[in-house]
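Here is the structure we will look at.
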2 protein chains.
Amino acid sequence: MKPGDTYTPHDCRPVGEILNQIGGKWTVLIITRLKHGPMRFSELKRLIGGISQKVLTATLRELEMNGFVTRTVTPSIPPRVDYELTDLGRELLVPLDAVSEWALANRQRVLDARKAFFEQNPDAVPPRIGQVATLIHSGNSSDSSAPVAGG
Amino acid sequence: MKPGDTYTPHDCRPVGEILNQIGGKWTVLIITRLKHGPMRFSELKRLIGGISQKVLTATLRELEMNGFVTRTVTPSIPPRVDYELTDLGRELLVPLDAVSEWALANRQRVLDARKAFFEQNPDAVPPRIGQVATLIHSGNSSDSSAPVAGG
DNA sequence: CAGAATCCAACTGGATACTG
DNA sequence: CAGTATCCAGTTGGATTCTG
């Protein structure tokens with residue numbers, strides 16, 4: 001875009017829809033968790049940690065609807081359900097994984113930035129929008145009560 | 001990972017924190033909107049559309065705390081506030097933009113998958129988790145009341 | 001084990017009014 | 001214009017209980 005041009009937000013809207021799908025609080029975590037192959041419901045739940053059964057079920061259902069994962073029921077006793085990435089899901093995994101990697105690689109920088117910010121604005125109060133930001137104020141976070149993610 | 005290995009979710013947790021930060025409903029939109037340079041509050045609001053002033057303010061504040069954007073106040077009358085990506089923000093933009101691009105490029109495939117799913121499960125009800133999924137059921141979506149995003 | 005259903009507190013975010 | 005403060009309805013999601 002050359003300076004002077006008016007930036008036309010042409011195809012912005014449609015993307016927002018999809019982003020809402022893949023930008024859910026847990027979507028990235030789930031999809032990256034399925035990176036290495038199919039996984040059972042309980043495995044996912046345990047690996048992710050901090051997600052309730054209700055929400056995990058709902059999120060998986062949504063991922064299924066959007067064609068990112070398949071749901072395979074094995075009618076044994078006890079029953080067994082496996083979730084696996086579809087081709088579409090595996091493709092989405094690529095950029096999502098990049099985000100995940102970035103987050104892992106730059107965690108400390110963000111933490112530092114946050115620390116610096118609060119040193120300069122001692123009385124600033126972290127706004128809560130959208131999903132919870134688990135680390136919020138607390139400088140460090142060897143705290144293991146936080147949600148999960150990564151690669 | 002070789003088969004037989006137990007997948008160790010080593011550094012999963014910390015990343016989740018960061019993901020929560022950048023995975024907010026509007027974060028991706030805002031950051032990609034700042035791609036081409038600084039932008040005023042009202043510009044952002046208009047470009048994004050569908051975001052309330054309260055939430056935009058809060059989200060920007062959070063981005064600022066995390067070191068992704070700077071906030072520059074020009075004490076004129078009327079006042080003027082510009083937001084701009086920091087170095088950290090510009091780095092984050094890279095993977096985030098990739099996600100955005102992917103969403104744009106694959107919108108139709110997701111829509112098709114959704115359509116197919118609902119044809120097979122006529123009585124399925126889209127679960128609502130996390131942020132709203134604006135397109136939900138409705139087959140197509142030339143509907144322009146949806147949120148925003150993209151490149 | 002996987003998940004559906006119910007209950008309910010907590011939080012979110014929109015609308016509105018007001019300020020510098 | 002940019003933002004804060006307040007009010008408040010709607011939604012979310014955790015806990016719990018129950019089923020095949």
Side-chain angles (χ1 to χ4, degrees), chain A residues 20 23-27 29-30 38-65 69-84 121 123-134 136 145-148, chain B residues 20 23-27 29-30 38-65 69-84 121 123-134 136 145-148:
Chain A
N20 277 342
K25 183 174 181 182
W26 304 103
T27 353
L29 309 198
I30 294 177
M39 198 164 265
R40 299 184 60 168
F41 184 87
S42 47
E43 282 181 294
L44 273 173
K45 185 164 187 321
R46 183 164 25 80
L47 267 182
I48 292 179
I51 190 173
S52 70
Q53 178 255 4
K54 179 180 173 180
V55 171
L56 179 55
T57 303
T59 309
L60 283 170
R61 202 68 89 229
E62 200 175 34
L63 289 176
E64 192 192 354
M65 288 176 178
V69 306
T70 56
R71 177 172 178 274
T72 310
V73 182
T74 308
S76 52
I77 295 182
R80 173 195 181 101
V81 180
D82 286 279
Y83 293 90
E84 184 171 17
N121 312 51
D123 46 352
V125 177
R128 320 322 260 8
I129 13 79
Q131 39 261 339
V132 191
T134 319
I136 295 284
S145 71
V148 188
Chain B
N20 277 342
K25 183 173 182 180
W26 304 102
T27 350
L29 310 197
I30 294 178
M39 197 165 265
R40 301 184 58 170
F41 184 87
S42 47
E43 283 181 293
L44 273 173
K45 184 166 188 323
R46 184 165 25 79
L47 267 180
I48 292 180
I51 190 173
S52 72
Q53 181 254 22
K54 178 180 174 180
V55 171
L56 179 56
T57 303
T59 309
L60 283 169
R61 203 68 88 229
E62 200 175 36
L63 289 176
E64 193 193 355
M65 289 176 177
V69 306
T70 55
R71 177 172 178 272
T72 310
V73 182
T74 308
S76 54
I77 295 181
R80 172 195 181 100
V81 180
D82 287 279
Y83 293 91
E84 184 172 16
N121 313 51
D123 46 353
V125 177
R128 324 313 265 13
I129 13 77
Q131 41 263 339
V132 191
T134 319
I136 294 285
S145 70
V148 187

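Just the heavy atoms: all of them, side chains too, but no hydrogens, waters or symmetry mates, feed the values below. Throughout, protein chains are lettered first and strands after them, A, B, ... in sequence-line order, and every chain is numbered starting at 1. What you see is a predicted model; the values in this text were computed from it and never measured.
- What separates CD1 of A:Ile77 from C1' of D:dT19 is a distance of 12 Å, to the nearest Å.
- Counting to the nearest Å, the P atom of D:dA2 and the CE atom of B:Met39 are 12 Å from each other.
- The separation between A:Ile48 atom CD1 and D:dG14 atom C1' is 16 Å, rounded to whole Å.
- Here the straight-line distance linking atom CG of B:Asn121 with atom CE of A:Met65 works out to 7.5 Å at 0.5 Å rounding.
- Remark: P of D:dT11 and NZ of B:Lys25 are 12 Å apart, rounded to the nearest angstrom.
- Rounding to the nearest 0.5 Å gives a distance of 4.5 Å between CD1 of B:Ile30 and CG of B:Leu60.
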Only pairs under 3.5 Å count here: list side-chain donor-acceptor contacts from residues 48-58 of chain A, not counting sequence neighbours, and write none if there are none.
unit_1: A:Ser52; atom_1: OG; unit_2: A:Val55; atom_2: N; d: 3.3
unit_1: A:Thr57; atom_1: OG1; unit_2: A:Gln53; atom_2: O; d: 2.7

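- Within the helix from C:dC1-D:dG20 to C:dG20-D:dC1, the inter-axis angle between the opening and closing five-pair segments is 50°, rounded to 10°.
- When rounded to the nearest whole Å, the span between CG of B:Leu56 and P of C:dT12 equals 17 Å.
- Rounded to a whole Å, the CD1 atom of A:Ile51 is 9 Å from the P atom of D:dG13.
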Note to self: Does the protein touch nucleotides 1-8 of chain C at the base, only the backbone, or not at all? Give it as B, S and - per nucleotide, heavy atoms under 4.0 Å.
What the structure shows: BSBB--B-

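- With sequence neighbours excluded, the residues satisfying side-chain contact (heavy atoms from CB on, under 4.5 Å) with A:Thr70 are A:Thr72, A:Glu84, A:Thr86.
- With sequence neighbours excluded, the residues forming a side chain to side chain donor-acceptor pair (under 3.5 Å) with A:Arg80 are A:Asp82, listed by chain and number.
- Residues satisfying the side-chain contact (heavy atoms from CB on, under 4.5 Å) test with A:Val81, not counting sequence neighbours, are A:Arg71, A:Val73, A:Tyr83.
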